[in-house]
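Please read the structure below before turning to the comments.
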Amino acid sequence: MTSHSQDLPDHPLLRGLNEAQQRAVTTVDGPVLVVAGPGSGKTRVLVHRIAWLLEECAVLPEQILAVTFTNKASREMRDRIERLLGGRTLSGMVMGTFHAFGARLLRQNPGLVADRLGLLPNFLIYDDADQMDLAKRAVLAVGLDPKLVAPRRMLSRISAAKGVLLSPDEFAAAAETYDDEVVARVFREYQRSLRKANAVDFDDLLALPLALFDGAPGLLAIYQQRFRHVMVDEYQDTNRVQYILVSALAERHRNLFVVGDPDQSIYGWRQADIRNILDFGQDFPDATRIDLELNYRSSRRIVETADRVIRENTQRIDRRLRTENDEGAPIVLRELADGGHEARFVVDEIRRLTQHGGRSGDDVAVMYRTGAQSRVLEEAFRVSDIPYRIVGGVRFYERKEVKDVLAVLRLLHNPADEVSLERAIGNLPIGRGIGPKALDAVRHWAAATGETVLDGFVALAPAAASATAPDLSGTARSAGMKLGTVFWKLREAAAEKALPELFDLVVDLTGYAAAFDHNDEEEMQRWANVLELRSDLEKYGVLPPAEQLPTYLEQVALVSDVDAMEDDGRGRVTLITLHSAKGLEFPVVFIAGVEEGLLPINRAVEAEWGDPLPMEEERRLFYVGITRAEQLLYLTYAAGRAVYGRFQPAVASRFLAQVPEMHLQTLGRRAPTREGGRSSSLADRARGGGSPGWTVSPAPVPDRGEPTRRFAAGERVFHAKFGEGEVVEATERRDGDQELAIAFQRHGQKRLMASFANLEPIP
DNA sequence: GAATGCATGGTTTTT
DNA sequence: CCATGCATTC
């Protein structure tokens, strides 16, 4: 156990760090948990710590494994370490996402992977859309109707199962309900066809390395020996498999350093297990815990608001976020009539800030809960003169025209990829004339010969001079021959041509290039996307020819939208989901759609009674959004919104009730509605109550008919959500209501309004 | 087998 | 509203 901070208080690598940060940097032995609030300099700590290990502790780059949440984060971290160490080489240091690390591990051990897992070295990583295709085919294959058994739901059940390392057999054995059995059947079929396609999904990238270690303990020992220091960022969003993976890797040297913030855990739906961080001390009893609570990012008003909002949650480590920053500007709240007005307000306000407020567009981000909200916002930006970029939305690599071309490239790399084959046949001109019947015949041939389906088509090509060929006749045969010939030619080209030239041949020979109507503006945009793919490919020319295509395909599968986000100096405003915004920061942040049903999302509202956890996750999401802002924060919501093209009235989010009135500036009047006088809108009620702010929780509308019972301190009460509790304090309010502080047995102390809480006295 | 037109249902969040 | 899937028609 050595701590250098006492010996070297003024080391260059520690200069400018506060005491807690210095401890985090210099505590290099044993397990360490850093609980880092937003803006508390955790990236700085990670960067300095790695530099410290290399400079002061004689650790070699290849002995370090650092796992980040996005590739962008790891890129930035690597850059910063390099800058800090002035050009010292970091080669050998492993830094990237869990998924990238898993993929790399599998790629580095092709022999074992083939032996133990039955995957050939050219295996592909299936993305979300591929997984959907596969799940749907699995549903059909087990004789079920995809309309009744939603493939998406199957996929999420399968993912959840894989997230706790269950095989299809184990899942089937544990099935309790009929629905579980259905899932089990689909799961088994899904996994079978995934392997048959020589492909893995995202969950496999985490689970298969563990499976490999199980079957080959020697391999695990090599990695355990190598990684003297294992670091994990955004630890609150790791799932059980990721936890097991890092614990296994760090087992020998026991230098596991994790950084996270339980209050920013927003991936519960992806099996992220908040227990990983909450129970770290139990899992590693000798762990050092370091808290970073001082926020350097945001104004005091923003920090206090965030702190006040998150304190409502019951499932958290009690701590207080603080800052020494200036008070800053008030948080702006604005109600608009609908989504369109909201979008225009945002755009107008940004125009004002950029034209008269000295802001640049890239200082600004607009955040929202659901991807669907980006549509109206984008519309408003498009008609404005303000440049913008959307992070997320329809991903580049998921665009139909891009996926079509990628399908061919993937087939050239992995001929077993039937999802891509079907896609190519269905969407490219070269697939014309090949229907289900023809495909079936080729499948039969493939099953009989042990070849792939694609090879069945190639066998039809005269040039291939194959001894056997699928039994086809008539138009199907000639169509199959054409397809086979194209792939036969493309394979030859793939062996000798650089990627951009291969691309040219692909779009040419498959007839895809000719299929775009040059007079149609939309089609030209799609063609432009296809061409963007080509310029993408040009970057891979520096690699050895045999590695170009595989490296590219791997990159396509593992790159995220945030990763691809770059500052191009054009001053673009960022439109981004709250989830994607985690880890980012902007001087100016707008959070749009702060409404019941949206933030919190409907599902969480519906689940609330039976399960309060989703609601708490929604609140964390709001918290993440607030804490992205450095100086200016705008919160907007609409009195109504088009859902599925139908107008739905909306109510301000309950979360707004926690925004301290003293930090709030409410802008403008509410747009006129046709509802007449009575409205449950928060703004209306606040005005009606005579005080210009938020004093009451807006969620449930009080039943005016019943007189509210009065409560006194010491009285025992029952609450539908929080259960039994005791009134600690009862304060009379001017409006005749009571403000109660109640200590609940299971959920801690809460402040509730008597008229809203619906409390039952317990005698 | 392909093109066209109608019906239906789907929106959390992503590596 | 929009994307997808199915039925109808050629």
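The chains referred to below are lettered A, B, ... by the order of the sequence lines, with proteins before strands, and numbering in each begins at 1.
- K582(A) comes within contact range of no nucleotide atom at all, as no heavy-atom separation falls under 4.0 Å.
- In this structure, Y190(A) has its ring center at least 6.0 angstrom away from the ring center of Y126(A).
- DNA chain B is contacted by both I601(A) and A438(A); A438(A) maps to the nucleotide lying nearer its 5′ end (nearest heavy atom per residue).
- Side-chain proximity of T577(A) to dT13(B), dT11(B), dT15(B): nearest is dT13(B).
- Comparing H99(A) and G435(A) by the nucleotide of DNA chain B that holds the closest heavy atom to each, the one mapping nearer the 5' end is G435(A).
- Ring stacking is absent between F69(A) and dT15(B), as the pair misses the limits of under 5.5 Å between centres and under 30 degrees between planes.
- The two residues H579(A) and I266(A) come nearest to each other via the heavy atoms NE2-O, 3.0 Å.
- A nucleotide of DNA chain C counts as in contact with chain A when one of its atoms lies under 4.0 Å from a heavy atom; the first and last such, 5' to 3', are dC1(C) to dG5(C).
- OP1 or OP2 of dG1(B) has not a single side-chain nitrogen or oxygen of T475(A) nearer than 4.0 Å.
- Both tests pass for R240(A) against the ring of Y243(A): distance under 6.0 Å to the centre and angle within 45° of the axis.
- With sequence neighbours left out, the salt bridge (Lys or Arg N to Asp or Glu O under 4.0 Å) criterion links E401(A) to no other residue.
- One interatomic measurement links the two molecules: CD of E617(A) to P of dT14(B), which rounds to 12 Å at whole-angstrom precision.
- Residue S580(A) places at least one side-chain N or O closer than 4.0 Å to OP1 or OP2 of dT14(B).
- Looking at T574(A) and R389(A), their side chains do bring a donor and an acceptor atom within 3.5 Å of each other.
- Taking atom CD1 on I125(A) and atom P on dT15(B), their separation rounds to 14 Å, with Å as the unit.
- Taking atom CG of L578(A) as the reference point, atom P of dT13(B) lies 11 Å away to the nearest angstrom.
- With rounding to whole Å, I390(A) atom CD1 is found 13 Å from dT13(B) atom P.
- The CD1 atom of I266(A) sits 13 Å away from the C1' atom of dT15(B) (whole-angstrom rounding).
- Residue-level contact check: Y267(A) touches the backbone only, with heavy atoms under 4.0 Å from sugar-phosphate atoms and none from bases.
- Atom P of nucleotide dG1(B) and atom CG of L439(A) are separated by 10 Å, given to the nearest angstrom.
- Here Y644(A) packs flat against the base of dG10(B); its ring centre is closer than 5.5 angstrom to the base's six-membered ring, tilted by less than 30 degrees.
- Rounded to whole Å, the P atom of dT13(B) lies 16 Å from the corresponding atom of dT4(C).
- Using a 4.0 Å heavy-atom criterion, one finds that R432(A) contacts the sugar-phosphate atoms exclusively.
- Here dT11(B) is the nucleotide among dT11(B), dA3(B), dT15(B) with the atom lying nearest to any side-chain atom of R152(A).
- K482(A) NZ: 12 or fewer foreign heavy atoms inside a 6.0 Å radius.
- Pairs engaging residues 424-436 of chain A under the side-chain hydrogen bond (donor to acceptor under 3.5 Å, both in side chains) rule: D404(A)-N427(A) [sequence neighbours left out].
- Rounded to an integer number of Å, the gap from CD of Q131(A) to P of dT14(B) is 15 Å.
- Both the sub-6.0 Å distance and the 45° axial angle are not jointly satisfied by R195(A) relative to the ring of F123(A).
- For the OP1/OP2 pair of dT13(B) and a distance below 4.0 Å, the side-chain nitrogens and oxygens of R603(A) include no atom meeting the criterion.
- Between the CH2 atom of W269(A) and the P atom of dT13(B) there is a distance of 8 Å, rounded to whole Å.
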